[in-house]
Number of protein chains: 2
Amino acid sequence: MLSNSCKYAIRSVIYLALNSTVNKKIGSKEVALKLNMPQAFLAKILQELTRKHLISSTKGPKGGFFLTDENLNNSVLDIVSCVDGLDAFNVCFLGLRTCSSSKPCSVHHIVEPFKNDIFTQLSNNTITQFANDIRKGTYFISLD
Amino acid sequence: MLSNSCKYAIRSVIYLALNSTVNKKIGSKEVALKLNMPQAFLAKILQELTRKHLISSTKGPKGGFFLTDENLNNSVLDIVSCVDGLDAFNVCFLGLRTCSSSKPCSVHHIVEPFKNDIFTQLSNNTITQFANDIRKGTYFISLD
DNA sequence: ATTATAAAAGATAAAAAGGTCTTTAAATAA
DNA sequence: TTATTTAAAGACCTTTTTATCTTTTATAAT
Ligand code: FES
Ligand code: FES
C-alpha cells in the first residue's frame, strides 16, 4: 500500500522526533544506520521532506535534520501525502475504476472500513503522538 | 497491496467463471475488451494461470480460456498466490523487518485484523462463490 | 580566512513492474 | 490437406521505483 520511500520517511521522521532537537541535529547517516535504510536514498527522501517543510535541516558541522514544534504537529498522513500522495486511499482493492459502496467489488465491505480506520489513525495523530507511543514502548519503529 | 497483474488475474478468472464453459471458450481478446485491460499483457497473465492449472485453455478455432469444475473450486487466494505470492500478507505496513503482535508498529493493531479478514475472505471462498455473488448483483467486477 | 562537515543538487544506474510485438505451435473447420 | 484461428513462447520496450555517486553550497568551528 505504501511505497518503500514512504515507509522510510515515516519511520525516519518518528526517529527524529524521538532523538533529535534543534540543539542535537541528526545526519541522514545516523538515521539510515539506526533504522537500516540505504543512506543515499534516505538522504534524497529527507531532502524532499525538508523542501516541503515537513522536517527541518541545516548544513555544515553540527548540522543535520531535526523537527521544529511545527514539524512535530504535522500528522503522519502529511508525510504519506507528501511522499506517495493519497491515491492509495481511494483505489479499489481489485482494480475497479472507482471504489464505491454503490458498486462494490467482492472485498469492498472489508477494505473500505480498513481504509477509513487507517486514514483516521494517520490523520488524527501528530508525529508527537506517534513518538510518545514509541517512547512508552507501546509500539516500535526500529528493527533490532 | 496487490499488483496490477494480480488484479487483472482475479477479475478475469471471475469473468471466465461467469461467461465461459467448456463449450463456450473465451479468448483473451474478449476478456480484455470487456474488463478494460491491455490485451497482450492479459494474455501473458492468463498464460501463466494456465501453466499453473488455475484456468484451462485450448488453441485453435473455437479455442480460448475456460474453467473446469476443478478450476472453479480453487480459492481466489490461489490466484493471488500464483501471481503475487503471499508476501503481502506477512509484511509490516510501515516496513518493520517482521510484522508481529509482540513488536507491533504504530498501525499494527489496525492492519493485522484487516490482513486476517481479507485473507480469510480470499481463502474461504471459491471462484464459484465469488461468481455467484456477482451474478446476484451483490458485487461487481466490470467497469461499465 | 581556512578547514571540516553535512545537506542540496543533480546525474546516473540497476531492478521491478507494466506492457507490446513477432514468431511458433496446436487445433479446428472447410 | 490447407487455411484459419487462437494460445504459447519469447524477444523487446517503457515507466516507475529504488538506489548510488559526484559535485556544489551552506555553516560552524578553528
Ligand atoms: S470497490 Fe473494490 S475496494 Fe471498494
Ligand atoms: S508490525 Fe507493522 S503491520 Fe504488523
Side-chain angles (χ1 to χ4, degrees), chain A residues 1-13 16 20 22-33 35-67 71 80 82-85 87-88 91 95, chain B residues 1-13 16 20 22-33 35-68 71 80 83-85 87-88 91 95:
Chain A
M1 179 154 185
L2 300 182
S3 70
N4 234 327
S5 301
C6 192
K7 293 172 181 179
Y8 291 162
I10 294 171
R11 296 203 293 130
S12 297
V13 172
L16 291 174
S20 78
V22 69
N23 295 315
K24 186 182 173 252
K25 290 154 196 158
I26 294 180
S28 62
K29 210 165 133 189
E30 174 181 331
V31 179
L33 195 75
L35 299 184
N36 219 271
M37 299 165 179
Q39 192 259 318
F41 188 46
L42 177 62
K44 279 286 161 205
I45 294 165
L46 295 182
Q47 201 181 135
E48 194 197 355
L49 292 174
T50 304
R51 220 178 329 104
K52 299 211 182 157
H53 305 290
L54 289 167
I55 66 177
S56 306
S57 72
T58 58
K59 296 180 179 177
K62 298 283 164 188
F65 298 94
F66 64 100
L67 303 187
N71 294 151
V80 175
C82 168
V83 178
D84 276 1
D87 268 11
V91 300
Chain B
M1 181 155 186
L2 300 183
S3 70
N4 235 326
S5 301
C6 192
K7 293 172 181 179
Y8 291 160
I10 293 171
R11 294 203 294 130
S12 297
V13 172
L16 291 174
S20 78
V22 69
N23 294 316
K24 185 183 174 250
K25 290 155 197 158
I26 295 181
S28 62
K29 209 163 133 189
E30 174 182 331
V31 179
L33 196 75
L35 299 183
N36 218 271
M37 299 166 180
Q39 191 258 318
F41 189 45
L42 177 62
K44 279 285 159 203
I45 295 165
L46 295 182
Q47 200 180 137
E48 193 197 356
L49 291 173
T50 303
R51 221 178 329 105
K52 299 212 182 157
H53 305 290
L54 289 166
I55 66 178
S56 306
S57 73
T58 59
K59 295 180 180 177
K62 298 281 165 187
F65 299 93
F66 63 100
L67 303 187
T68 62
N71 295 152
V80 175
V83 178
D84 276 0
D87 268 11
V91 301

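First the proteins, then the strands, lettered A, B, ... as listed; each starts at 1.
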Closest approach of A/L46 to A/I55 (non-hydrogen atoms, all atoms of both residues):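 Closest pair (atom of A/L46, atom of A/I55, distance): O-CD1, 3.6 Å.
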query: Can you find a donor-acceptor pair, distance only, under 3.5 Å between B/K44 side chain and D/dA9 base?
result: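 Indeed there is one.
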Nearest-neighbour nucleotide for the [X] side chain, [options] considered:
X     : options               : value
B/A40 : D/dA9, C/dT20, C/dA6  : C/dT20
B/K62 : D/dA8, C/dG19, C/dA29 : C/dA29
A/F65 : C/dT5, D/dT20, C/dA7  : C/dA7
A/P61 : C/dA9, C/dT5, C/dG18  : C/dT5
B/S57 : D/dT5, C/dA8, D/dA8   : D/dA8

- request: Using a heavy-atom cut-off of under 4.0 Å over every strand shown, decide if A/G60 touches base, sugar-phosphate, or nothing.
  value: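 Here A/G60 touches the bases of the nucleic acid.
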Could you tell me how far apart [X] ([atom1]) and [N] ([atom2]) are, to the nearest whole angstrom?
X     : N      : atom1 : atom2 : answer
B/Q47 : D/dA7  : CD    : P     : 10 Å
B/L2  : C/dA17 : CG    : P     : 13 Å
A/L46 : D/dA19 : CG    : C1'   : 14 Å
B/K29 : D/dT5  : NZ    : P     : 10 Å
B/I45 : D/dG10 : CD1   : P     : 18 Å
B/F66 : C/dA27 : CZ    : C1'   : 13 Å
A/E48 : D/dT17 : CD    : P     : 12 Å
A/E30 : C/dA7  : CD    : P     : 11 Å

query: Taking for each residue the nucleotide of DNA chain D bearing the nearest heavy atom, is the 5' side occupied by A/F41 or by B/T58?
result: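 Counting from the 5' end, the first nearest nucleotide belongs to B/T58.
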message: Let me spell it out: for each of A/P38 and B/G63, pick the nucleotide of DNA chain D with the closest heavy atom. Which residue's pick is nearer the 5' end?
response: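 Upstream on the strand: B/G63.
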field: Member of B/I26, B/V13, B/T50 meeting the side-chain contact (heavy atoms from CB on, under 4.5 Å) criterion with B/F65
entry: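 For B/F65, the side-chain contact (heavy atoms from CB on, under 4.5 Å) check succeeds only for B/T50.
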message: My understanding is that only one of A/I45, A/V31, A/L49 makes a side-chain contact (heavy atoms from CB on, under 4.5 Å) with A/S12; could you say which?
response: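 Testing A/S12 for a side-chain contact (heavy atoms from CB on, under 4.5 Å) against A/I45, A/V31, A/L49 leaves exactly one candidate, A/V31.
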- request: Tell me whether the OP1 or OP2 atom of D/dA19 has a side-chain N or O from A/Y8 closer than 4.0 Å.
  value: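 Checking D/dA19 against A/Y8, a side-chain N or O does come within under 4.0 Å of OP1 or OP2.
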task: Please state whether the phosphate of D/dT18, meaning OP1 or OP2, lies under 4.0 angstrom from any side-chain nitrogen or oxygen of A/N4.
output: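 Result: yes.
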query: Got a second to check how far B/R11's CZ is from B/L16's CG, nearest 0.5 Å?
result: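 Here the interatomic distance stands at 12.5 Å.
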- request: Take B/K25 and B/L42, find for each the nucleotide of DNA chain C with the closest heavy atom, and name the residue whose nucleotide sits nearer the 5' end.
  value: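 Looking at DNA chain C, the more 5' nearest nucleotide goes with B/L42.
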task: Could you tell me whether A/E48 and A/K44 have a side-chain N and a carboxylate O separated by less than 4.0 Å?
output: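 Salt bridge between A/E48 and A/K44, a charged N being under 4.0 Å from a carboxylate O: no.
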